[in-house]
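Here the structure is laid out as structure tokens; the discussion comes afterwards.
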Amino acid sequence: MVSLLCCESGKHATFGSYWTSAAKFLYLLLILLSIVTPKDNSKSAGASLLVYPVFTCVVITICAFTLIYKFLTTKRTEFLSVKKNPFTGIKQDFMKKYLMEDVKKFNSSHIRVAEIKVTPELFIMTGKKGNIWSCENLVQYLMTAIDEHNLQLEMFGIQEYLRSAEGIALIKKLETEHRCMMNFVWDVKSETKKEANDVKGKSVPPCGWDFNSIKVRVIQGEIDRQKTDVIVSTVDKSLNLNFGTMASSVLRAAGDIIQIELLTRYKIGIGVGDFAQSSGGMLPCDYILHVCLPYYRPDNIRQILHIISRLLDRAEKLKAKSISFPALGTGILRYPPDISAEIVMEAIRLHAEKNTHALQSVNIVVFPKDKKCFDAVLAKGSTLFNDNPRKLNNGIFEVKDHVFQSGQVFFKIQQGDITQQNTDVIVNGLKDSLDLANSGQASVTLLEKCGQSLQKECNLKKNEMSLKGVIVTSAPNLYCQHIVHISLNKFDHSMDRGILMAFREAEKLGAKSVTLPALQSASNKMKAKTMKKLIFQSLKQFSVLEPQNLTEIKLVTNNPGILNEFLKHESRGRRDTNTFRKSTPVRSMSEKLIVQIYSTDAHGNEEIGRKLKERCALAYNDVQKEESNLHLLDDSQIENLKNLGLECKTKVDISCQDGSVQLQGFDFGGISQVYGKLKEMTKAAEETSFKKSDSFNIPFNRKTGKDTVESSHPTLQSIEWMYGEGKNWNKYEPLLNSEIEKEYQNKASHFTRQDANGNKYFIDFTRMIEICLNDNGDNKSTSKIKRQIKTKDLTKTQSWPKYWDLMSEKKNLEVIELKQESLEYKEVEKHFKLSLLGSSVFIRKIQRIQNKSLFLQFCAKKDELELHNPENHQNERKLFHGTSASSINQINENGFNRSFCGKNGTAYGQGVYFANESSYSIRYAEPDLRGNCYMYRARVLTGQFIATSPDTKCPPKKPGTNRPYDSGGNKNQGIFVIFHDAQMYPEYLITYQWHHLRKL
């Protein structure tokens, strides 16, 4: 505490008490005069008149000495006490908003006896001795009342979410409900397509871009050494240049003259968001603009942008040709470097659009040791500026005037009537009421042309619009076939998503051309340039999806004002290049955020933090999918997919080892877009692998989406088993047909089967008869059987998988060793080694198993699963099975046999075990005497899965059917158990030697 002392006692006296004492003495004087004045004797009265002057002087002298004595001896009754205000930044804002109420109540209840004044630097307390302690107690409470709680959030895109309208609304709601304030410490970890090279020991040269008549440069240095006409510095609102690192540095370099100028010209300082002007002092500049910035909050970006725009306007007014900005607010004000850079550069862009005449150069100066800030500013500049006016970022090109191309999609801007366009689909915007007459000019025009039938059709789809945000109607009396209506209310703050959905609906309809108007938001406040930016973003995102039908998009408007606004922006060339971002780096996305919560309730702070975390988690999407063909994607494809994820604010984690993909982010639309692209890429990769000249997989049928051989399955078109007599012959079912053929190929003498009704049949291959047995095993009835060969030569390559080597008609099995340089070998090798990280594996050879009967049986079973399981269900997987050398010949000849189950345990049932990852199966591959281990990569029909237990002999039936589940096991661990021999085909045998690498 600092006390202001004026005398030895250290206390102030009040002069009211002294005047009171003087009045008392004068009153006594009058009483004395009345006593000594004679009333009857005139002589005595005359004598007393002579006494009056003397007596009066004596009394006045006594009174004066009494007053002096009392002044010197009376103790003063008022105190002045001062304490330093410890609050700065957000805490000071909190005190002003919530704690000043306590100060006002105290002052109103202690009028004339005590008072507390609060300034940004001090607590000033005045009052009588008995009340000054109350002031100090309240101030002590205020200084300790604010509790701070730190909360760390780790979610992909958390910073961007809390800066969005939804995030800002959430923050304000929590602050209002709990009388708190939040501050954010951003810790941005950028994910970009390519990171900037970090060359240590070398200075980074100035980097910059030309924008209209202004050159923008990013340089490393100190602001007080810049040789520009104007420099900008940050300062406290008191204009005391001793406060703040940057202000102190400028003061030392420029001299005290600028401090004197500021205090003389701005006697009461400046407000937050304002700036002061001084000369350059001893600096090599003409002027210094001292700006007082507010602490960073996501909702005050517009205010900061306005401040910087005013600084540029002042530089223009001073006829300055150059100005230098520091990395504003990146220190104690906690501005994220990329946000600070983006605000400054956006202000420069807006200023350049005014066709400035004086200002020619703008420098953004970053402190040399702040490498992170420099990289962030440089990256932000790279995304905002582009030197080529004809090429738009993200693959958008201006091929001719007002015609643009993105991928295979062309976009054109023209004037006209949207209802007169010869196009397949028209896009329209509708409000939630679905009232065409009140949803904008385009809707009114469509209503006039199409009539009330269009309105009635829209009304019927009101529920669909509320759920999806988009509906499709017919287009009566128009040249187009359909109208796609998007919800203006649902996409009011994300119109680009709505337009993208319209494009995708048109693609589903098979449309080749789309026409859309200059859509407005529901509030009709969207500017033409904003709408143009959103349309181009939608165009770019749509072209990434590689549409197969839609290749032409037109923007048509009959409003000359809107058209001129669009064309005016385009004619400037460089303006629109800033709307789009370069592909390197694509953007930065945050992954970590520290939230500082301030309130007067410590327990309440924890509750606020819990609520904030919960509500962010509710808005966050974490989608995990299994994809069996991820290993077919190369590194560049995976990188491209991750880049698309960054464009869509989605984090993409791909694990080729376990065939899974994880998509995370706050934008579910972006996640859906990325997943759709992933499905397209895996499908294309699988199709490409089949189409190669030396293809080693079964050909892929575009129409059915299934694996096929050229003549379907040979067992159906080449060999048929029948039963009957004379002219009445019946065919066996496809699966039973393949089983009979398998036994016949294996030269079995007989075959026993059981039908769905429980009837048992005995097939005798030597006599070519089928005997129906009764319950006692006796002969019930007998039929003849025959084997019919429809084609003369089954060894033709078109009847079997294209990657098989030629086989003789009489040979059922052949084992082919693959060449190491073949694509087939490399694909199997890559899949095998995916999960063997940390292991050294030497593959001795990979062999292809060509077993006709097993293959026919497998194909027939696959047809059966495709018939009974849901459409597009993944019925087949490529899985691993470790085995011993003694089992190889048996498996190659007869397939996997369930009779050997239990050899390595039956944790999930009595079947044949397979694994997603070779690292799991490798433990069951027993080495032989030469150290060779053996593992099959098999084609397995897992179909519909159910978790099973050790005592499972056959999977349970599916609900409502007589068919059992197709596989069991533990799907979370990638373990599948198969209970039917026809569902497994041993496609490749891998012979290898391995040992685990020990980490030092």
Side-chain angles (χ1 to χ4, degrees), residues 85-109 116 118-120 123 137-188 272-273 293-304 329 332-336 339 493 590-622 665-667:
N85 188 344
F87 300 140
T88 58
I90 189 71
K91 284 189 175 182
Q92 196 166 102
D93 294 339
F94 181 88
M95 183 185 68
K96 290 178 181 179
K97 187 172 183 179
Y98 295 114
L99 299 184
M100 286 304 293
E101 296 176 5
D102 296 333
V103 176
K104 290 177 182 178
K105 288 180 181 179
F106 179 87
N107 289 338
S108 62
S109 62
I116 300 175
V118 182
T119 70
F123 288 106
N137 289 338
L138 178 58
V139 169
Q140 187 64 31
Y141 161 74
L142 295 176
M143 293 172 66
T144 59
I146 303 178
D147 181 78
E148 177 181 349
H149 175 70
N150 290 338
L151 171 69
Q152 181 169 302
L153 299 175
E154 294 188 11
M155 299 177 184
F156 186 79
I158 181 64
Q159 172 183 347
E160 289 73 18
Y161 171 71
L162 290 179
R163 284 177 179 162
S164 68
E166 184 180 351
I168 293 172
L170 171 61
I171 294 167
K172 288 185 176 179
K173 183 178 180 181
L174 289 174
E175 287 183 338
T176 304
E177 288 178 353
H178 299 276
R179 284 177 55 90
C180 69
M181 294 186 76
M182 299 186 196
N183 185 50
F184 304 97
V185 181
W186 312 104
D187 183 13
V188 181
V272 176
L293 294 174
Y295 276 83
Y296 175 73
R297 291 176 64 86
D299 54 354
N300 64 4
I301 291 179
R302 287 186 176 275
Q303 178 189 1
I304 302 164
I332 194 173
L333 297 180
R334 301 192 181 103
Y335 284 54
I339 297 300
H493 299 290
S590 61
E591 294 184 283
K592 182 198 265 186
L593 171 66
I594 297 177
V595 184
Q596 297 172 334
I597 305 172
Y598 299 93
S599 77
T600 56
D601 183 2
H603 178 72
N605 275 351
E606 295 180 2
E607 180 68 14
I608 296 166
R610 184 186 63 79
K611 285 186 177 181
L612 177 62
K613 196 169 184 178
E614 284 181 356
R615 294 184 187 182
C616 288
L618 286 174
Y620 194 65
N621 302 289
D622 189 346
F666 287 94
D667 186 354

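For the single chain, residues carry numbers from 1 onward in sequence order.
In this structure, F666 and Y161 have parallel ring planes: the angle between them is below the 30° cut-off, well short of the 60° mark.
When all heavy atoms of V103 and I116 are compared, the closest pair comes out as CG1-O, 3.8 Å. Heavy-atom minimum distance, K91 versus I146: O-CD1, 3.6 Å. For the pair C180 and L174, the tightest heavy-atom approach, listed with the atom from each and the gap, is SG-O, 3.8 Å. Between M155 and K613, the shortest heavy-atom contact is CE-O, 4.2 Å. Taking all atoms of both residues into account, the shortest heavy-atom contact from R179 to S599 is O-CB, 3.9 Å.
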Residue pair D93, K97: steps toward the side chain to side chain contact (heavy atoms under 4.5 Å, CB included) verdict: CA-CA 6 Å; D93 294 339; K97 187 172 183 179; over 6 Å; no
Pair F94-T600, side chain to side chain contact (heavy atoms under 4.5 Å, CB included): steps then yes or no: CA-CA 10 Å; F94 181 88; T600 56; 3.9 Å; yes
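Qualifying salt bridge (Lys or Arg N to Asp or Glu O under 4.0 Å) partners for R615, counting only residues two or more places apart in sequence or in other chains: none.
Applying the salt bridge (charged side-chain N to carboxylate O under 4.0 Å, His left out) test to pairs two or more places apart or on separate chains, those with a residue in residues 598-612 are E607-R610, R610-E614.
Side-chain contact between Y295 and N183 is absent, with no heavy atoms from C-beta onward closer than 4.5 Å.
Taking CD1 of I608 as the reference point, atom NE2 of H603 lies at 10.5 Å (rounded to 0.5 Å).
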